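Encoded as structure tokens, the structure appears first; notes follow it.
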Amino acid sequence: MRKDVFIIILLLLITLFKLFDIFADFQLDIPSWHIAQEAMLVLLTIAASIFLGYDLIRSSRQVKALKSKLKKADKEIDHMSSQMRSARQEYSVTIAAQFDAWQFTKSEQQVALLLLKGLSFKEIAEVRLTKEKTVRQQASTIYSKAQVDGRHTLCAWFMEDFIQE
């Protein structure tokens, strides 16, 4: 923006100097075609200054509007993030309550959460520092207590109420 203002000021100064030159040319009895040529340059310089000034004002308004939209979007994102944190917290409480209702042990709760997060049996075993066979047995117990037939049905059990048609 400063560059545009500098260019406009420079063009206006050139215009001013050209006007002084034209007045001096009148006094020196310079040919009229030369004065007409300089007058045309003055008019073109004025037109360019007006165009750049208009463009600068328009651009400045657009930048202000974009800044305003950006501030509004940032506020909405902050609000949405706090809503998401709150919803996540409530959902975690709901999941824990359901695990308690199914009478999962602490180990089964940990495995069930990792299953809901999409980890494989091998990954769960690595995270929990146990054998993959142990995780498979715990998963089988989890499915039985929850009365579901597998990982996908377990996940669907928790997601079913959130999906709206």
Side-chain angles (χ1 to χ4, degrees), residues 1-16 41 43-165:
M1 187 165 138
R2 289 182 183 169
K3 182 176 77 172
D4 291 339
V5 171
F6 176 75
I7 291 171
I8 291 170
I9 291 171
L10 188 62
L11 286 172
L12 291 174
L13 284 173
I14 291 170
T15 303
L16 186 63
L41 286 174
L43 290 175
L44 289 173
T45 306
I46 290 170
S49 298
I50 291 170
F51 174 76
L52 283 175
Y54 172 77
D55 193 52
L56 179 63
I57 291 168
R58 186 185 54 78
S59 296
S60 178
R61 286 181 182 159
Q62 285 178 340
V63 167
K64 284 179 184 177
L66 287 173
K67 283 182 181 180
S68 176
K69 284 182 180 180
L70 184 59
K71 278 185 180 180
K72 184 179 177 184
D74 284 344
K75 286 179 183 177
E76 288 175 4
I77 287 171
D78 287 344
H79 181 66
M80 193 181 327
S81 296
S82 64
Q83 285 179 327
M84 289 300 291
R85 282 190 295 276
S86 176
R88 184 182 298 153
Q89 184 66 30
E90 289 176 31
Y91 193 50
S92 294
V93 169
T94 302
I95 289 172
Q98 187 58 51
F99 286 173
D100 288 340
W102 284 330
Q103 298 178 347
F104 287 176
T105 65
K106 289 292 177 193
S107 294
E108 290 168 348
Q109 288 181 20
Q110 291 172 351
V111 170
L113 272 175
L114 296 172
L115 287 169
L116 290 174
K117 289 184 178 192
L119 274 67
S120 68
F121 292 140
K122 183 178 180 179
E123 291 168 330
I124 294 170
E126 289 172 4
V127 168
R128 298 197 68 245
L129 303 174
T130 187
K131 296 184 184 220
E132 188 176 342
K133 183 177 180 181
T134 304
V135 173
R136 286 182 186 279
Q137 289 170 342
Q138 288 173 314
S140 186
T141 303
I142 289 166
Y143 303 149
S144 176
K145 287 182 178 181
Q147 297 178 346
V148 296
D149 60 5
R151 171 195 305 254
H152 299 295
T153 313
L154 178 68
C155 292
W157 195 97
F158 286 100
M159 290 303 298
E160 185 174 329
D161 293 333
F162 289 102
I163 299 173
Q164 299 176 354
E165 293 181 31

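Quick caveat, the model's predicted, so the values are computed rather than measured. Residue numbers start at 1 and run along the sequence shown.
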Could you give the side-chain donor-acceptor pairs of residues 148-155 under 3.5 Å, partners two or more places apart or in another chain?
residue	atom	partner	partner atom	Å
Asp149	OD1	Thr153	OG1	2.3
Arg151	NH1	Leu119	O	2.5
Arg151	NH2	Leu119	O	3.2

Using atom types as modelled, flag every donor-acceptor pair under 3.5 Å from a side chain in residues 64-77 to any protein atom, sequence neighbours excluded.
none

Solution key, residues 9-16 side-chain donor-acceptor pairs under 3.5 Å, sequence neighbours excluded:
residue	atom	partner	partner atom	Å
Thr15	OG1	Leu11	O	2.8

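Atom CG in Leu116 sits 10.5 Å away from atom CH2 in Trp157 (nearest 0.5 Å). Note: Ile124 CD1 to Thr134 OG1 = 12.0 Å, rounded to the nearest 0.5 Å. The CD atom of Gln89 lies 13.0 Å from the CE atom of Met84; values are rounded to the nearest 0.5 Å. In this structure, Gln110 CD and Phe99 CZ are separated by 11.0 Å, a value rounded to the nearest 0.5 Å. Atom CG in Leu52 sits 8.0 Å away from atom CG in Leu56 (nearest 0.5 Å).
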Leu115 and Val111: side chain to side chain contact (heavy atoms under 4.5 Å, CB included), yes or no, with the steps? CA-CA 6 Å; Leu115 287 169; Val111 170; 4.0 Å; yes

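Under a 3.5 Å cut-off, the side chain of Ser140 and the backbone N or O of Arg136 do not form any donor-acceptor pair.
Scored by the ring pair (Phe, Tyr, Trp, His ring centres under 6.0 Å) test, Tyr143 finds no partners at all (sequence neighbours excluded). Residues passing the side chain to side chain contact (heavy atoms under 4.5 Å, CB included) test with Thr94: none are found, sequence neighbours excluded.
Sorted by first and then second residue, the ring-ring contact (aromatic ring centres under 6.0 Å, His included) pairs with a member in residues 120-140 form an empty list; sequence neighbours excluded.
Side chains of Arg128 and Gln138 form a contact here, defined as non-hydrogen atoms less than 4.5 Å apart. Annotation: side chain of Trp102 is not in contact with side chain of Glu108 (no heavy-atom distance under 4.5 Å). Counting heavy atoms from C-beta outward, Asp100 and Gln109 have side chains that approach closer than 4.5 Å.
Annotation: Gln147, atom CD; neighbour count of heavy atoms from other residues, nucleotides and ligands within 6.0 Å does not exceed 12. Counting heavy atoms of neighbouring residues, nucleotides and ligands inside a 6.0 Å radius, atom CZ of Arg61 does not exceed 12 of them.
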